[in-house]
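Let me begin by presenting the structure, written as structure tokens, before commenting on it.
Positions are given from 1, in the same order as the sequence printed here. Worth knowing before you read on, the calculation uses all heavy atoms, side chains too, and leaves out hydrogens, waters and symmetry mates.
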Amino acid sequence: SSGRGASSSRKRRRVTEPAAAAPAPLAVEAEGLPLHLSSKNSTGYLGVFHHGGRFEARRTVDGKEVYIGLFDTAVEAAVAYVRAVGEYQ
């Protein structure tokens with residue numbers, strides 16, 4: 001025995017990950033409403049947050065968080081946010 005373990009005589013292969021697909025462009029309008037975009041939020045929409053595989057819409061009114069709803073898509077949540085903002089203005 002040469003003192004080398006069996007694993008040291010094997011060459012490790014470098015596995016390259018495929019390049020990540022570019023994210024789909026955000027909708028800037030839906031159902032005739034302009035959506036509020038946000039570069040600070042991972043969903044891309046103001047007031048829309050990831051919530052257990054779905055999307056939650058909420059906004060702040062008089063310093064308090066107001067729950068709007070839970071939606072299947074970020075765009076649906078963004079539309080609900082825009083409608084809710086309109087009701088408070």
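- Of all heavy-atom pairs between Ala57 and Ala77, the closest is CB-O, 3.5 Å.
- Residues satisfying the ring pair (Phe, Tyr, Trp, His ring centres under 6.0 Å) criterion with Phe55, sequence neighbours excluded, are His50.
- Across every non-hydrogen atom of Pro34 and Val82, the tightest pair is O-CG2, 3.5 Å.
- No chain of hydrophobic side-chain contacts below 4.5 Å, direct or via other Ile, Leu, Val, Met, Phe, Trp or Tyr residues, connects Phe49 to Val66.
- Ser39 is linked by a side-chain hydrogen bond (donor to acceptor under 3.5 Å, both in side chains) to nothing, counting only residues two or more places apart in sequence or in another chain.
- Residues passing the ring pair (Phe, Tyr, Trp, His ring centres under 6.0 Å) test with His51: none are found, sequence neighbours excluded.
- Pairing each heavy atom of Gly47 with each of Asn41, the nearest pair is N-ND2, 4.4 Å.
- Contact between Ala27 and Tyr45 at its shortest, heavy atoms only, is N-OH, 2.8 Å.
- For residues 61-84, the pairs satisfying ring pair (Phe, Tyr, Trp, His ring centres under 6.0 Å) are His36-Tyr81, with sequence neighbours left out.
- Between atom CZ of residue Arg59 and atom CG of residue Leu46 there is a gap of 8.5 Å, rounded to the nearest 0.5 Å.
- Under the rule for a side-chain hydrogen bond (donor to acceptor under 3.5 Å, both in side chains), the partners of Asp72 that lie at least two apart in sequence or sit in another chain are Arg54.
- Across all their heavy atoms, Leu26 and Thr43 have their closest contact at CD2-O, 3.7 Å.
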Run Val79 and Leu35 through side chain to side chain contact (heavy atoms under 4.5 Å, CB included) and show every step you take.
CA-CA 7 Å; Val79 168; Leu35 302 180; 3.9 Å; yes
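- One hydrophobic cluster, built from ILVMFWY side chains closer than 4.5 Å, cannot hold both Leu70 and Val48; they sit in different ones.
- Judged as a salt bridge (Lys or Arg N to Asp or Glu O under 4.0 Å), and not counting sequence neighbours, the contacts of Glu56 are Arg58.
- Panel note: side chain Thr73, backbone Glu76; a donor-acceptor pair is recorded below 3.5 Å.
- Residue pairs meeting the salt bridge (Lys or Arg N to Asp or Glu O under 4.0 Å) criterion with at least one partner in residues 37-49, sequence neighbours excluded, do not occur; the list is empty.
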